[in-house]
**Student:** 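My questions will all concern the structure given below.
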Amino acid sequence: MGIIENLASPSWYTSQVNKTVTSMTNYYRPMLRAGSITPLWHMMIATSVVMYSTRYWAHGYKAIHAKHAERDAALKEYREKHGSSGHH
């Protein structure tokens with residue numbers, strides 16, 4: 001099957017999820033049974049990445065764009081008052 005057929009097939013997604021779950025189970029089960037702290041660290045890192053990424057996508061870029069717009073307006077005002085030269 002080609003890539004397009006795979007992307008259109010729900011069974012392909014199901015098989016990918018099943019492979020991922022099996023792989024994670026095989027990786028983490030021995031660590032959990034041994035009492036390792038590694039799974040906790042991985043869960044904390046994943047939670048942080050998801051949390052900060054969704055916060056940025058939902059709110060962060062607006063603040064950054066507002067800061068850039070304010071900076072550009074201030075620079076434009078400065079150049080109108082003092083002129084613009086190649087040095088500063």
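Position 1 is the first residue of the sequence, and the numbers go up from there.
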**Student:** Please report the interatomic distance OG1(Thr47) to OH(Tyr52), rounded to the nearest 0.5 Å.
**Tutor:**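 One gets 11.0 Å once the value is rounded to the nearest 0.5 Å.
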
**Student:** Starting from Ile45 and following side-chain heavy-atom contacts under 4.5 Å between hydrophobic residues (I, L, V, M, F, W, Y), which residues can be reached?
**Tutor:** Val49

**Student:** Residues two or more places apart in sequence or in another chain: which of them pass side chain to side chain contact (heavy atoms under 4.5 Å, CB included) with Tyr13?
**Tutor:** Leu7

**Student:** Listing request: all salt bridge (charged side-chain N to carboxylate O under 4.0 Å, His left out) pairs with a residue in residues 69-78, at least two apart in sequence or in separate chains.
**Tutor:**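 Pairs touching residues 69-78 that pass the test: Glu77-Lys81.
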
**Student:** Can you check whether Trp12's main-chain N or O pairs, donor with acceptor, with Ser15's side chain at less than 3.5 Å?
**Tutor:** yes

**Student:** For residues 18-44, which side-chain donor-acceptor pairs fall under 3.5 Å, sequence neighbours excluded?
**Tutor:**
from, atom 1, to, atom 2, distance (Å)
Asn18, ND2, Thr14, O, 3.3
Thr20, OG1, Gln16, O, 2.9
Thr22, OG1, Asn18, O, 2.8
Thr25, OG1, Val21, O, 2.7
Asn26, ND2, Thr22, O, 3.3
Tyr28, OH, His42, ND1, 2.6
Ser36, OG, Thr38, N, 3.1
Ser36, OG, Thr38, OG1, 3.2

**Student:** Mind checking what makes side chain to side chain contact (heavy atoms under 4.5 Å, CB included) contact with Ile64, not counting sequence neighbours?
**Tutor:** Tyr56, His68

**Student:** According to ring-ring contact (aromatic ring centres under 6.0 Å, His included), who are the partners of His59, at least two apart in sequence or on a separate chain?
**Tutor:** none

**Student:** Within the distance-only criterion (no hydrogens, no angle test), does the side chain of Ser9 pair as donor or acceptor with the backbone N or O of Asn6 below 3.5 angstrom?
**Tutor:** no

